[in-house]
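Everything below concerns the one structure shown next.
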Amino acid sequence: MMKFAIFLFFAALIPAKYASAQACVIESLINEKVQAAVDSKVSSILAKAQLTCTSTSAPGADAFCPSGYLATGCACGMACGSWDIRADTACHCQCARIDWTAARCCKVAIVG
Amino acid sequence: MMKFAIFLFFAALIPAKYASAQACVIESLINEKVQAAVDSKVSSILAKAQLTCTSTSAPGADAFCPSGYLATGCACGMACGSWDIRADTACHCQCARIDWTAARCCKVAIVG
Amino acid sequence: MMKFAIFLFFAALIPAKYASAQACVIESLINEKVQAAVDSKVSSILAKAQLTCTSTSAPGADAFCPSGYLATGCACGMACGSWDIRADTACHCQCARIDWTAARCCKVAIVG
């Protein structure tokens with residue numbers, strides 16, 4: 001019976017020791033892998049976050065950006081440099097009887 | 001005593017085998033989970049990185065962007081289209097006796 | 001022999017139980033660590049994704065943005081406000097005999 005107890009003790013103790021040692025190894029393994037994976041992935045994806053711009057123009061005093069884009073500047077016919085941006089996405093030229101209006105439109109996009 | 005040695009052998013060997021097999025399973029489990037978590041998280045957060053713009057205007061030849069914004073374009077009164085941007089954040093209209101100046105101001109912001 | 005079988009049973013069973021319990025603990029540990037690491041890393045890197053702008057100007061009707069930048073707006077000499085952007089990166093002023101052209105150029109950059 002004494003032998004039985006001794007064996008039982010080892011049978012329980014040894015795996016427990018492994019389990020405990022493993023927990024530490026596993027935890028640092030997880031930390032290490034997570035940091036490396038996150039670093040490389042985030043950097044590679046972030047490098048794809050780029051400014052994307054396009055231009056639109058229309059006859060008259062108003063030009064509109066495509067959906068998702070914001071106006072960053074406007075140009076007007078007749079050499080006119082007086083304009084304002086409406087609702088963040090439309091250019092309005094203020095000179096009388098303006099012949100054309102152009103909008104410069106940009107957004108942040110994930111490219112590639 | 002012979003029996004004892006045999007039992008000890010098993011008691012030590014079996015957990016060691018488990019530990020080793022587990023290490024592999026754990027490592028690939030970590031890799032897999034990290035990749036999946038990073039992919040979805042980065043994509044969902046990146047989708048929130050958007051261009052945010054606002055306009056300011058002021059009497060006279062100078063208009064200033066709010067803190068954190070950069071000027072992307074300027075508009076001037078009196079149909080004037082000659083301007084320059086100072087310190088990345090301020091619009092200056094160059095025509096003489098200009099009555100008003102407007103700045104278009106943008107930044108990248110985490111939205112939502 | 002009976003004792004031997006019992007001990008073997010324990011020697012095999014106990015580590016197996018540990019292994020199984022550990023798998024769950026490990027899996028949730030991985031999930032937790034991954035989520036935390038991704039959250040903090042993505043947020044800290046994303047905060048560095050900023051709009052960066054610069055201006056260029058040149059004599060004549062054309063001004064070009066530096067490599068990597070896109071034109072967000074243009075200014076012209078002679079009070080001219082009529083311009084267009086070519087190939088996303090160059091400003092062209094449309095008024096006759098224009099003396100100078102300036103381009104406002106921006107990109108998304110990882111800052112700091």
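Only heavy atoms go into these numbers, but all of them, side chains included; no hydrogens, no water, no symmetry mates. Per chain, numbering begins at 1; letters A, B, ... match sequence-line order. For clarity, every value in this text was computed on a predicted model and none was experimentally measured.
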### Task
Under 4.5 Å heavy-atom distance to chain C, tell me which part of B/Cys93 shows up: side chain, backbone, both or neither.
neither

### Task
Could you tell me which residues in residues 51-67 of chain B have at least one non-hydrogen atom under 4.5 Å from a non-hydrogen atom of chain C, sorted by residue number?
B/Leu51

### Task
Measure the CZ-SG distance between C/Arg104 and C/Cys91 for me, rounded to the nearest 0.5 Å.
11.5 Å

### Query
Do B/Val108 and C/Gln50 have side chains that get closer than 4.5 Å, going by heavy atoms?
no

### Query
In residues 75-90 of chain C, which residues are in contact with chain B at a heavy-atom separation under 4.5 Å?
C/Ala75, C/Cys76, C/Gly77, C/Met78, C/Ala79, C/Cys80, C/Gly81

### Message
Just so I understand: if I count every heavy-atom pair under 4.5 Å between each of B/Cys95, B/Cys106, B/Ala71 and chain C, which residue has the most?
### Response
B/Ala71

